[in-house]
Amino acid sequence: MINNDKIFVTRPLLPDFDEFTKLAKEVYDSKWLTNMGQKHNLLEKELEKELKVPYCVLMNNGTLALLIALKNLHLPQGSEVITTPFTFAATTHSIVLNNLKPVFCDIEPNTMTIDADKIEALITPNTSLILGVHVYGFPCDVEKIDKIAKKHNLKVVYDAAHAFSTEINGRGIGTFGDVSTFSFHSTKLYNTIEGGCITCNNAELYNKSVSLRDFGIVDENTVNDIGINAKMNEFQAAWGLLNLKLYREEQNKRKKIKEFYDQNLGSIKGIRILKMPENATNSYQYYPIVIEDDYHLSRDELCKKFNEYNIFPRKYFYPVCSDFECYKNVRGRDNLPVTNAVKHRVMCLPYYSGLTHENLSLIVKIMDK
Ligand code: T4K
């Protein structure tokens, strides 16, 4: 059976259009469109509660959140940042755009996050930061990373772009490390169309982030640092306020999809399902699987087969950052056995509430042959 409607890896969470236009009209009538307006400030406060963080600084995308998070730490120019290659380009780019040097550390095969046991071997006197990614919403080994950072006097930043609302032992994921960053891009569980935020635990980093997102402006007479424009406008903040009321329902629907996939794919020879560590809650951002060697098709063959049925899963993350030409000289690139094995086998299946039972059954049927 060929499906005529395309099935994507994700579809954005959309607020009720009439409710949105009501809020958009309020913005229109207020003549206050951007620069930390009422809706922006309200959303920031709501996000602090939702993410269980002391401080949240709203941004206009997750990439600028990363750039500012790193700039804020005032790390020595040219110093090294130990990071994962198994991520979206934005993570590594944010290091280089801050005049820092990425060093690639391999990942561990269960959560695909940076392998904390391999970090120490990469540390030199020139290392200043560990930048982990909670990839697919799976938390990094925050405890181990914290110990290593303390021992070697390093800063820690987490890219939590995929981990909206994830908690570790009841603690908001954005409270770990010195700073965390989130993305609210349309493809994310929670979206503001484009958007993101920085979260941190102390007032100093909060104040610096607030100023850097607004050109380094402190007040009408003072610019105290080389900032940028990372402000979210009022229309997107209105969208974000509405989506904040909806994302739990979306998560519940994805939870049911996850149960269906777990039940029906778990027994297929050669298909490995990744499991969330028991002390963490699931964000339900992605449903990644690994196509092992004993499956009857390669990952790329399976992908092609899906495409024939108008189904478009994604090979997140392939290629990995260490494959990019611009990162071919990065230290650590030659010692990434897990990353280089996994990148040919990983696939994120369609995962959003709009999928029908018929869609899901077709996906399973295609795989179970
Ligand atoms: N750190 C990490 C770990 C990240 O994954 C990302 C972004 C960032 C940092 C940076 O955050 P942002 O600066 O983006 O806020 C997408 C997203 O654009 C990107 O935000 C995301 N990670 C990355 C993993 O995925 P693409 O190029 O794969 O997206 P695209 O346009 O192919 O969309 C994927 C599917 O989603 C489409 O096939 C259909 C569906 N879709 C997409 C859009 C944009 C829709 O249905 N509607 C839409 O409006 O990068």
Side-chain angles (χ1 to χ4, degrees), residues 5-15 47 57-70 81 83-98 102 104 107 111-114 131-140 157-164 166 173-174 177 179-199 213 228-232 236 239-240 243 250 254 283 285-288 303 306-307 310-322 324 339 343 346-355 359:
D5 296 324
K6 284 187 177 173
I7 297 177
F8 295 110
V9 65
T10 192
R11 301 303 338 244
L13 180 62
L14 301 172
L47 283 166
V57 185
L58 206 49
M59 300 277 161
N60 58 5
N61 60 59
T63 305
L64 281 167
L66 271 167
L67 273 171
I68 291 176
L70 265 58
V81 178
T83 191
T84 168
F86 194 75
T87 182
F88 192 58
T91 317
T92 320
H93 291 351
S94 71
I95 299 171
V96 178
L97 289 169
N98 267 292
F104 288 131
I107 56 172
T111 61
M112 315 281 179
T113 58
I114 191 166
L131 172 49
V133 178
H134 304 304
V135 71
Y136 309 135
F138 295 134
C140 296
V157 172
Y158 288 114
D159 178 343
H162 302 175
F164 189 82
T166 294
I173 200 154
V179 190
S180 295
T181 63
F182 291 81
S183 164
F184 305 150
H185 183 261
S186 300
T187 54
K188 299 296 181 289
L189 165 80
Y190 168 75
N191 81 79
T192 57
I193 305 175
E194 291 269 3
C197 75
I198 283 180
T199 62
R213 107 179 132 193
I228 201 163
N229 182 355
K231 293 168 278 131
M232 179 181 285
Q236 283 177 252
W239 182 281
N243 267 354
E250 174 69 18
R254 290 189 190 191
S283 171
Q285 169 64 53
Y286 290 114
Y287 190 93
C303 224
F306 271 129
N307 296 168
N310 249 341
I311 300 173
F312 299 90
R314 291 297 287 261
K315 303 172 191 175
Y316 296 135
F317 282 102
Y318 174 83
V320 286
C321 294
S322 44
F324 302 157
T339 305
K343 72 183 183 192
V346 77
M347 180 190 283
C348 288
L349 291 180
Y351 200 39
Y352 51 94
S353 62
L355 292 167
N359 296 151

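Read the numbers this way: they start at 1 and go in the same order the structure lists the ligands and their atoms. Starting from 1, each residue takes its place in the sequence as its number.
Interface of A161 with ligand 1, defined as ligand atoms under 4.0 Å from a residue heavy atom, comprises 1 (N), 2 (C), 3 (C), 4 (C), 9 (C). Interface atoms of ligand 1 facing T10, defined by a heavy-atom separation under 4.0 Å, are 36 (O), 39 (C), 40 (C), 46 (O). Near Y286, the atoms of ligand 1 lying under 4.0 angstrom from a non-hydrogen atom of the residue are 24 (C).
Within the 4.0 Å cut-off (strictly below), no protein heavy atom is located near atom 31 (O) of ligand 1.
For F312, the closest heavy-atom approach to ligand 1 does not fall below 4.0 Å. Residue S94 places no heavy atom under 4.0 Å from ligand 1. Not a single heavy atom of E194 sits closer than 4.0 Å to an atom of ligand 1. Ligand 1 is never approached by G196 to a heavy-atom distance shorter than 4.0 Å.
Of the polar atoms of G62, at least one N or O is found under 3.5 Å from an N or O of ligand 1, judged by distance alone. Geometrically, ligand 1 and T87 share no nitrogen or oxygen pair separated by less than 3.5 Å.
In this pair, F317 and H162 present their aromatic rings parallel. The plane angle is below 30°, not in the 30 to 60° band.
Side-chain N or O atoms of T84 include none that pairs as donor or acceptor with a backbone N or O of T113 at under 3.5 Å.
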- Task: Give the C-alpha distance, both sets of side-chain angles, the deciding distance and a yes or no for ring-ring contact (aromatic ring centres under 6.0 Å, His included) between F306 and F312.
- Result: CA-CA 7 Å; F306 271 129; F312 299 90; 9.8 Å; no
